[in-house]
Amino acid sequence: MEKPLVAPANPRFNVTASDDPVLADIAARDPHVRVLATDSVLAALMAAMASNSAWDVVVNRQGDRLFLDKRDGGPLDYAPVNENAVPPPAAAEADINGAEMLAQEARQATRRMLAQAAPPAAQIDRPNPFGAEDAAAYRYRAFDLATGDAPEPCLLAVRTDLDALSPGDSRVLFVRALTQHDISAPGAGGALDWRLRLDSQRGAVMATEMMNNAGKLARWAFQAMVAGADLVKIGYIIRTYPRDNTRHSLLGFQTYRPAELLANMGLSEYNAWGIVKALVDLCLQLEEGRYVVMRDPNNPLIRIYAVPPNTFDDAAAADTDADAEEPAN
């Protein structure tokens with residue numbers, strides 16, 4: 001049964017690591033914290049080999065610490081749609097079935113679903129550091145990236161995003177949504193019609209989505225893993241009418257344990273942490289300053305560029321009024 005989605009009451013913030021007061025406090029209290037990041041940035045690095053789209057991470061090398069940041073309004077604030085489809089959606093800016101507008105549509109539809117269908121979890125481990133108007137809940141965790149023979153720990157402090165508590169047993173949920181637009185449009189990736197097939201062929205529907213959205217699903221699985229979520233709930237959202245990208249309905253959910261979703265996609269937690277550690281070790285050898293880690297859009301490569309220290313500061317200042325009022329990725 002379709003459930004129409006309505007506009008959410010509260011925003012969901014997505015503040016970068018350098019602007020997070022709790023991460024700053026953690027770093028001030030523990031000298032072994034060498035790296036600070038958010039789960040969306042960390043998951044993008046872990047899922048780099050599954051992604052086909054370009055994204056970038058801003059690395060701020062300050063003293064003996066690394067801040068792994070995102071750009072406000074950059075690729076990590078959006079979840080691409082059908083990036084792994086052959087062919088993927090076109091890059092046409094004015095096309096409602098183009099890559100850019102599909103990503104914006106998916107972000108807004110996910111916000112509506114979270115506000116309407118997920119029981120809120122205003123606090124899990126500590127009060128929300130960004131105020132009561134932020135609809136998300138956060139968990140701060142630390143991971144030791146040092147090897148066994150290292151003389152001292154090398155801690156990674158990360159803010160993770162959680163969405164709801166399961167009614168009854170209070171299991172922690174990580175909730176996201178897949179979206180279906182016009183299945184006859186270029187870049188639809190041969191998707192089945194969810195209205196007709198979701199109930200009877202749910203396995204085939206998810207298998208198709210794992211091919212067309214491998215990068216996005218990998219990011220979500222790693223985010224849930226890093227957050228220590230008990231379950232991942234994936235919603236299926238469709239357009240009410242295929243040529244109208246403003247009205248949507250929720251068809252249902254599919255639930256996985258994070259380890260189960262990773263296994264179904266052939267992803268390795270060990271390899272994911274290996275990517276993070278290799279990049280951190282490399283960046284800790286760089287001179288103090290600002291760098292950009294970019295996923296090459298044409299080749300399975302990650303490139304690192306040195307940039308002037310004030311790069312992106314003007315753009316960040318222009319966005320102050322909307323201080324990272326970004327929905328979930």
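The figures that follow rest on heavy atoms only: side chains count, while hydrogens, waters and symmetry mates do not.
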Leu36 and Leu66: CA distance, side-chain angles, deciding distance, side-chain contact (heavy atoms from CB on, under 4.5 Å) verdict: CA-CA 6 Å; Leu36 300 101; Leu66 293 177; over 6 Å; no
side-chain contact (heavy atoms from CB on, under 4.5 Å) assessment of Val158 paired with Tyr140: CA-CA 6 Å; Val158 56; Tyr140 290 83; over 6 Å; no
Dump the intermediate steps for side-chain contact (heavy atoms from CB on, under 4.5 Å) on Lys3 and Gln116, then the final yes or no. CA-CA 10 Å; Lys3 184 176 183 179; Gln116 185 171 335; 3.5 Å; yes
Carefully, step by step, assess Phe222 and Leu262 under the rule side-chain contact (heavy atoms from CB on, under 4.5 Å). CA-CA 8 Å; Phe222 285 127; Leu262 288 170; 3.6 Å; yes
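A donor-acceptor contact shorter than 3.5 Å links the side chain of Thr208 to the backbone of Ala204. Under a 3.5 Å cut-off, the side chain of Asn128 and the backbone N or O of Ala137 do not form any donor-acceptor pair. Checking side-chain atoms of Glu83 against main-chain N and O of Asn52 turns up a donor-acceptor pair under 3.5 Å. For the pair Asn213 (side chain) and Asn82 (backbone), a donor-acceptor distance under 3.5 Å is present. Remark: the backbone N or O of Pro308 is paired with a side-chain donor or acceptor of Thr311 at under 3.5 angstrom. Looking at Gln254, its side chain never comes within 3.5 Å of a backbone N or O of Gly235 through a donor-acceptor pair. Under the 3.5 Å distance criterion, the side-chain polar atoms of Asn84 are matched with a main-chain donor or acceptor of Ala214. Here the side chain of Arg61 pairs no donor or acceptor atom with the backbone of Glu288 at under 3.5 angstrom. Between the Arg139 side chain and the Arg159 main chain, no donor and acceptor come within less than 3.5 Å of each other.
Asn264 places a side-chain heavy atom less than 4.5 Å from the side chain of Met210. For the pair Val292 and Ile304, the minimum side-chain heavy-atom distance is 4.5 Å or more. Proximity of Asp163 to Leu173: side-chain heavy atoms (C-beta onward) are nowhere separated by under 4.5 Å. For the pair Ile302 and Met294, the minimum side-chain heavy-atom distance is 4.5 Å or more. In this structure the side chain of Leu76 reaches within 4.5 angstrom of the side chain of Arg219, judged on heavy atoms. Taking 4.5 Å as the limit, some side-chain heavy atom of Asp193 sits within range of a side-chain heavy atom of Gln180. Under the 4.5 Å side-chain criterion, counting only non-hydrogen atoms from C-beta, Thr179 is not in contact with Tyr236. Residues Asp77 and Asn14 meet the side-chain proximity criterion, which asks for heavy atoms closer than 4.5 Å.
One finds the NZ atom of Lys233 at 12.0 Å from the OH atom of Tyr256 (value rounded to the nearest 0.5 Å). How far CG of Asn245 is from CZ of Arg243: 13.0 Å, rounded to the nearest 0.5 Å. Interatomic distance, CZ of Arg65 versus CZ of Arg34, reported as 8.5 Å (0.5 Å rounding). Here Leu145 contributes atom CG and Leu156 contributes atom CG; the two are 5.0 Å apart, rounded to the nearest 0.5 Å. To the nearest 0.5 Å, atom CG of residue Asp69 and atom OG1 of residue Thr16 are 3.5 Å apart. To the nearest 0.5 angstrom, Met265 atom CE is 13.0 Å from Glu260 atom CD.
A salt bridge between Glu2 and Arg195 is present, with a side-chain N of the basic residue lying under 4.0 Å from a carboxylate O of the acidic one. Contact check on Asp161 versus Arg176 returns a salt bridge, with a Lys/Arg side-chain nitrogen under 4.0 Å from an Asp/Glu carboxylate oxygen. Salt-bridge check for Asp56 with Arg71: passed, with a basic side-chain N closer than 4.0 Å to an acidic carboxylate O. Salt-bridge check for Asp72 with Lys70: passed, with a basic side-chain N closer than 4.0 Å to an acidic carboxylate O.
Side-chain contact, Thr160 with Asp39: no donor N or O sits under 3.5 Å from an acceptor N or O. For Gln108 and His248, the side-chain atoms include no donor-acceptor pair closer than 3.5 Å.
Between Lys216 and Pro80 the shortest heavy-atom distance is NZ-O, 3.2 Å. Smallest separation of non-hydrogen atoms from Pro300 and Arg295: CA-NH2, 3.9 Å. When all heavy atoms of Arg239 and Asn97 are compared, the closest pair comes out as NH1-OD1, 3.0 Å. Minimum heavy-atom separation, Asp182 to Pro242: CB-O, 3.9 Å. Residues Ser249 and Pro4 come closest through the heavy atom pair OG-CA, 4.0 Å. Residues Ala37 and Leu23 share a closest heavy-atom pair of O-CD1, 3.7 Å.
Leu45 and Leu282 fall within a single hydrophobic cluster, where Ile, Leu, Val, Met, Phe, Trp and Tyr side chains are chained together by heavy-atom contacts under 4.5 Å. Residues Leu178 and Leu102 do not share a hydrophobic cluster, defined by chaining ILVMFWY side chains whose heavy atoms lie under 4.5 Å apart. Linking Ile, Leu, Val, Met, Phe, Trp and Tyr residues whenever their side-chain heavy atoms come within less than 4.5 Å leaves Met211 and Val205 in two separate clusters. Each of Val81 and Trp194 belongs to its own hydrophobic cluster when Ile, Leu, Val, Met, Phe, Trp and Tyr are linked at side-chain heavy-atom distances under 4.5 angstrom. Val293 and Ile275 are members of different hydrophobic clusters when ILVMFWY side chains are connected at heavy-atom separations under 4.5 Å.
The aromatic rings of Phe130 and Phe13 sit tilted, their planes meeting at an angle between 30° and 60°.
Taking the ring centre of Phe143 as origin, the terminal cationic atom of Arg141 falls outside the region bounded by 6.0 Å and 45° from the ring axis.
Within 6.0 Å of CZ on Arg257 lie no more than 12 heavy atoms contributed by other residues, nucleotides or ligands. Within 6.0 Å of the CE atom in Met49, the count of heavy atoms belonging to other residues, nucleotides or ligands does not exceed 12.
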